[in-house]
Amino acid sequence: MASDRYNARDAEARWQKIWDERGIFATRNDDPRPKYYVLEMFPYPSGRIHMGHVRNYTMGDVVARVKRAMGFNVLHPMGWDAFGMPAENAAMERKVHPKTWTYDNIAAMKKQLKSMGLSLDWSREIATCDPAYYKHQQKMFLDFLRAGLVERKKSKVNWDPVDQTVLANEQVIDDRGWRSGALVEQRELTQWFFAITKFAAPLLEALGTLDRWPEKVRLMQKNWIGRSEGLLIRFALDQATTPQGQTELEVFTTRPDTLFGAKFMALAPDHPLATVAAKNNPALRAFIEQCRHRGTAQAEIDTAEKLGFDTGMRAIHPFDPAWKLPVYVANFIVMDYGTGAIFGCPAHDQRDLDFANKYGLGNVPVVCPPGVDPKTFVITDTAYDGDGRMINSRFLDGMTFEEAKEEVAKRLERRLRPAALPAPQRGRAASEARQVGAGKQADPSPDRVPRSGPPISGEDAMAQRQVNYRLRDWGISRQRYWGCPIPIIHCETCGAVPVPEKDLPVTLPEDVTFDRPGNPLDHHPTWKHVACPQCGGPARRETDTMDTFVDSSWYFERFTDPWITNAPTDRQMVNAWMPVDQYIGGIEHAILHLLYSRFFTRAMRETGHIGLDEPFAGLFTQGMVVHETYRRANGEWAAPAEVKVETDGDTRRATLIATGEQLAIGPIEKMSKSKRNTVDPDDIIDTYGADVARWFMLSDSPPDRDVNWTEKGVQGAWRFAQRLWRLAGEAAEIAQGAPHERPSRFSAEATALRKAAHTALARVTDDIEKLHFNVCVAHIYEFANALNAVIGELGAQKALSEGSKGDPRYGAKAGSRGGSDGPSGSESAYAPDLRWAMREAVSILVRLFHPMMPHLAEECWAMLGHDTLVAQAAWPELEPTLLVEETVTLPVQINGRKRADVTVARDAGNADIESAVLALDAVKRALEGKKPKKVIIVPQRIVNVVA
RNA sequence: GCGGGCGUGGCGGAAUUGGUAGACGCGCGGGAUUUAGGUUCCCGUGACGAAAGUCGUGGGGGUUCGAGCCCCUCCGCCCGCACCA
């Protein structure tokens, strides 16, 4: 041995080169073995990897390596989510082209990922900004369009008037654009939408089949889709109070039972009926304007007062033509949900109550809680939303609220429209109602299926049962350059015309400038000017590009065959590989990315690109990497690399290395640039090696919780890596000359060693399947400790028998390192069965830690005399008989408290165990000569004596 | 407000799912080796106690032979959603 230290830097580069040269991680599509697809969320090429990446990719790599060892054909690819705004920002700030910036970053990050020793199939690498990738995305956009899954409609957007672009909600901070600082305007723009709401029901239902997803994520998606069942009710408007042509108002309610508690109607400020009413009402117009300017910030919504404006219009109660309800415009009604209008029942809805109290509208309780006397039941400040029986509700009185819901639905479904609606207006009214009721679609396209279901269709019905979803269609238009162009050409005469497939891809022009705000594609002198593919007349290209979430909604499908050029996927390959068996990524994608991907896969199924619904069979959401923070007296943050932390007894002290200044140690927080508490993976890999970084990432915390990065912890991992290396060397020497054949008999010593090995094997295998990496690490420590003890003991024996001097505990080292060189089999001091068991044990150990520390494992594997790679070695085979002990030691409790142990034969009968237990001194003492009331014996577990 | 999760030594966390609480690591204490150590190795380490022992999984109560785990209740922290009718 050249050195007594494991040189990670040298070894890691060496093994990475060998893996690379032999191409052992390239996955073949024609491999007959069962498939396993493990995937980590692909990174945005921001420039450098961070510790979150290290954690994410380490976990995925462990799974990939284990599954490979277990005989699966493993697909473990990597790519780049390469479109996005940061590239354009870099272009603006540093005058570098987004493409150059992106590809430079990809090169740098790829090098970093390679230094981690990940078992990735780089032959399938894709970048979403590559026309060879986005070409297929454009094709699918057109397929979706044809299938009615893409729509063009107006929608409200956050518009930054300075940068002249749409901003995502996340990019609006305190009503201002995050870059420009300009006050953001609400604008109506015509945009492209994916009709994700068409799949609202199946997306919700299928959540129940995703049993290998975290409950939390499924719940978040369920709430996001937000299904609610209710009744769409048509209220007639009192013609005497209403502008010409407005005859009715549709509302959605989940509480039709409370109809007799109605006190008012309320419209969203941007409800079409409100707009109509405001035409001749300047005060109402002013009120609506005021609502529009209200902040959208969370704090403001929380504290916002309920405000309303009486339009003067009156609606007629569906069950009583004489009952007129005032129609308000109210600031707490949103146009996005239901019909953008409600009937208010103050007694049973807190918001309605607040509103009614403010405007003196009163309330009538109609649901009486159980055990409360209806005569005394009064609502003042707190609405009652529990269950109970109906009161003050005419024909509903006495029913449960569920029965009442049903009764109202039945009656209104059947009921003829009231005479208040003059018959001749009917046709007109129906179409108006359509517009009013489904008013949120200001640009109605004939074949569009509205989110909230079709408006009431039966001419005579007053209501219709309806399921409503909170989910909104996915607006994908972005006024940006660095994204996938939307393959549409706008023609004056033909409208929006799809780019013919032969003309795909629509590529981004490279000669663009970023010297003024807005979309460079729009500014480009020639790019957008084209001939209409249909009529040949002058037309212009769509200059919006797609949301980058589109890019990441199908990359996992492309990985299954990234070489195919004439289609997004090879149907056979994608069906063979999908779904992803284990997907790993951050919880921050719980909704958007994961929901979009689920939608996209369904849309691909509809358009014939794939044969399944759900892309991810197993999902794991990992925790963040956190680090404590350091702050200088002047308030500036100090980075961990600039800080020296010393421990002095119980206190820890942080000093700024450069100045010796004392620093305040702050709370442990997510690694972030702003707090400067980041640790650079390159530094760690350079100092300790990738294996140590990987090991530490897995060791300290359960993978779904945050892990606290500490220097001490890394050093501990480093020490353990060194220890494994020494241990493997020592074990290899003891095992030298071990027989090839498995001995027929093993000494007690050898059996004990084998039991330790196989116990560890069983536990690690089990916990890896559960992704309990931190527990696997503990098992490996335990096994290494046990092996170390055996080697120490052997060394001591050998030292004694050889009459060596010195502390026998260090004999192993003295014996093996300084002992006879090149011990051939017959000269060995150790029995053949022990040598065989030692070889088996260390071989198991190396294969157990290989997924976590692959380079060190290769080094040890070679040390054991293998000329194969441990990366290609099979997972050790378990001998279950070794896990079964001949005798078991059972804890003995007296009245539920542990007092003694008893060792009995494994198959001892209860009678034998009981007599053995009753013979124990501790038991005799406790019983004081009396007979026990009861003796509970749980086989293989415990004995409890009830005195 | 609604929904969900969590609470175990000085710290991160284990606990075969109702059966020996505290595995494993970090830290800390003691010792050995070393010219030296931020090296390596060994021993110890939940609290109280000299010991026998007693107590102990956020607080209180319950079910059970037996509860960290199940039920009720209260407290604290974290996350998600939110005028969604």
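Each chain gets a letter, A, B and so on, in the order its sequence line appears, and its residues count up from 1. What you are looking at is a predicted structure, and each value in this text was computed from that prediction instead of being measured.
Remark: A:Arg705 is not in phosphate contact with B:C6, judged by side-chain N or O atoms under 4.0 Å from OP1 or OP2. Look at A:Asn774 and you won't find any side-chain N or O under 4.0 angstrom from OP1 or OP2 of B:A23. Contact check, A:Tyr337 against B:A85: a side-chain N or O comes under 4.0 Å of OP1 or OP2. Distances shown here put every side-chain N or O of A:Asn708 at or beyond 4.0 Å from the OP1 or OP2 atom of B:G13.
Looking at A:Lys306, its side chain comes within 3.5 Å of the base of B:C83 through a donor and an acceptor atom.
Summarising the local packing, NZ of A:Lys755 is surrounded by more than 12 heavy atoms from other residues, nucleotides or ligands at distances under 6.0 Å.
Taking the six-membered ring for Trp, A:His317 and A:Phe260 have ring centres closer than 6.0 Å. Aromatic pair A:Phe264/A:Tyr359: ring centres not closer than 6.0 Å.
Partner of A:Leu890 under the side-chain contact (heavy atoms from CB on, under 4.5 Å) criterion, out of A:Ile913, A:Ile942, A:Val938: A:Ile913 alone.
Taking for each of A:Gly716 and A:His772 the nucleotide of RNA chain B with the nearest heavy atom, the 5'-most of the two is the partner of A:His772. Residue order along RNA chain B, read from the 5' end via each residue's closest nucleotide, puts A:Gly713 first among A:Gly713 and A:Val946.
Using the six-membered ring where Trp is involved, A:Tyr384 and A:His348 have ring planes that are perpendicular, over 60° apart on the 30 and 60° scheme. A:Tyr337 and A:Phe252 have perpendicular rings, their planes meeting at more than 60° on a 0 to 90° scale where under 30° would count as parallel.
Residue A:Asn785 is classed as a sugar-phosphate contact, given heavy-atom separations below 4.0 Å to backbone atoms only. Nucleic acid contact class of A:Lys770 (heavy atoms, under 4.0 Å, all strands): none. In this structure, A:Ser699 reaches neither bases nor backbone, as no heavy-atom distance under 4.0 Å exists between it and the strands shown. At a threshold of 4.0 angstrom between heavy atoms, the contacts of A:Gln350 with the nucleic acid are absent. Residue A:Ile780 is out of contact with every strand shown, counting any heavy-atom pair closer than 4.0 Å. Here A:Arg763 lies out of heavy-atom contact (under 4.0 Å) with every strand. Residue contacts for A:Leu219: at a heavy-atom cut-off of 4.0 Å it reaches the sugar-phosphate backbone alone, with no base atom in range.
Annotation: B:G68 and B:U8 have their P atoms spaced 15 Å apart (nearest Å). With both ends at atom C1', the span from B:G37 to B:U45 equals 24 Å, rounded to whole Å. The same atom, C1', is picked in B:G66 and in B:U17; the two are 15 Å apart, to the nearest Å. Spacing between B:C26 and B:G19 at atom P, rounded to whole Å, works out to 29 Å. Remark: the separation of the C1' atoms in B:A21 and B:G9 is 11 Å, to the nearest Å. Comparing B:A23 with B:U16, their C1' atoms are spaced 12 Å from each other, to the whole Å. With both ends at atom C1', the span from B:G18 to B:C71 equals 13 Å, rounded to whole Å. Taking atom P in both B:G7 and B:C70, the straight-line distance is 10 Å, to the nearest Å.
Of all nucleotides present, none satisfies the Watson-Crick or G-U wobble test against B:A51 with each distance under 3.5 Å. Pair assignment for B:G27 gives B:U45, based on Watson-Crick or G-U wobble hydrogen-bonding distances that are each under 3.5 Å. Base pairing of B:C6 is made with B:G76, judged by Watson-Crick or G-U wobble geometry with both donor-acceptor distances under 3.5 Å. Nucleotide B:C81 is matched to B:G1 when pairs are restricted to Watson-Crick or G-U wobble geometry with both distances under 3.5 angstrom. As the counterpart of B:U33, no nucleotide is assigned, since no Watson-Crick or G-U wobble pattern has both distances under 3.5 Å. Remark: B:C65 base-pairs with B:G19. Criterion, Watson-Crick or G-U wobble with two distances under 3.5 Å.
Contact detail for A:Ala330 and A:Phe355: the closest heavy-atom pair is CB-CE1, 3.9 Å.
Rounded to whole angstrom, the span from the CZ atom of A:Arg719 across to the C1' atom of B:G37 amounts to 13 Å. For the pair A:Ile942 CD1 and B:U64 P, the interatomic distance rounds to 19 Å; values are reported in whole Å. Between the P atom of B:C24 and the CH2 atom of A:Trp695 lies a distance of 14 Å, rounded to the nearest Å. Rounded to whole angstrom, the span from the NZ atom of A:Lys933 across to the C1' atom of B:U64 amounts to 15 Å. Separating the CE atom of A:Met335 from the P atom of B:A85 is a distance of 16 Å, rounded to the nearest angstrom. Atom CD in A:Glu215 sits about 11 Å away from atom P in B:C6, given to the nearest Å. Per the geometry, CE belonging to A:Met852 stands 13 Å off C1' belonging to B:C24, to the nearest Å. Spacing between atom CZ of A:Phe783 and atom P of B:A23 amounts to 20 Å, rounded to whole angstrom units.
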Decide yes or no on side-chain contact (heavy atoms from CB on, under 4.5 Å) for A:Met852 and A:Cys776, but give the supporting numbers first. CA-CA 10 Å; A:Met852 294 91 168; A:Cys776 291; 3.8 Å; yes
Would you please test A:Val714 and A:Trp709 for side-chain contact (heavy atoms from CB on, under 4.5 Å) and show each step? CA-CA 8 Å; A:Val714 184; A:Trp709 184 274; 3.3 Å; yes
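Among the nucleotides B:G66, B:A85, B:A23, the one closest to the side chain of A:Val334 is B:A85. Here the nucleotide nearest the side chain of A:Glu782, chosen from B:G25, B:A23, B:U39, is B:A23. Checked against B:G13, B:U16, B:C41, the side chain of A:Ser701 finds its nearest nucleotide in B:G13. Checked against B:U20, B:A14, B:C24, the side chain of A:Pro891 finds its nearest nucleotide in B:U20. For A:Gln893, taking side-chain heavy atoms from C-beta onward, the closest of the listed nucleotides B:G66, B:C41, B:A14 is B:G66. Comparing atom distances between the A:Pro702 side chain and each of B:A85, B:C65, B:A14 picks out B:A14 as nearest.
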Taking N or O atoms only and anything under 3.5 Å, show me the protein contacts with nucleotides 79-81 of chain B, one pair per line.
unit_1: B:C79; atom_1: O2'; unit_2: A:Lys216; atom_2: NZ; d: 3.0

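A salt bridge is absent between A:Asp767 and A:Arg763; no separation between the charged side-chain nitrogens and carboxylate oxygens falls under 4.0 Å.
In textbook terms, a nucleotide whose glycosidic angle is within 90° of 0 is syn, while B:U39, being further out, is anti. Base orientation for B:G9: syn, the chi torsion being within 90° of 0.
Side chains of A:Leu724 and A:Met853 form a contact here, defined as non-hydrogen atoms less than 4.5 Å apart.
Not counting sequence neighbours, the partners of A:Thr765 by the side-chain hydrogen bond (donor to acceptor under 3.5 Å, both in side chains) test are A:Trp875.
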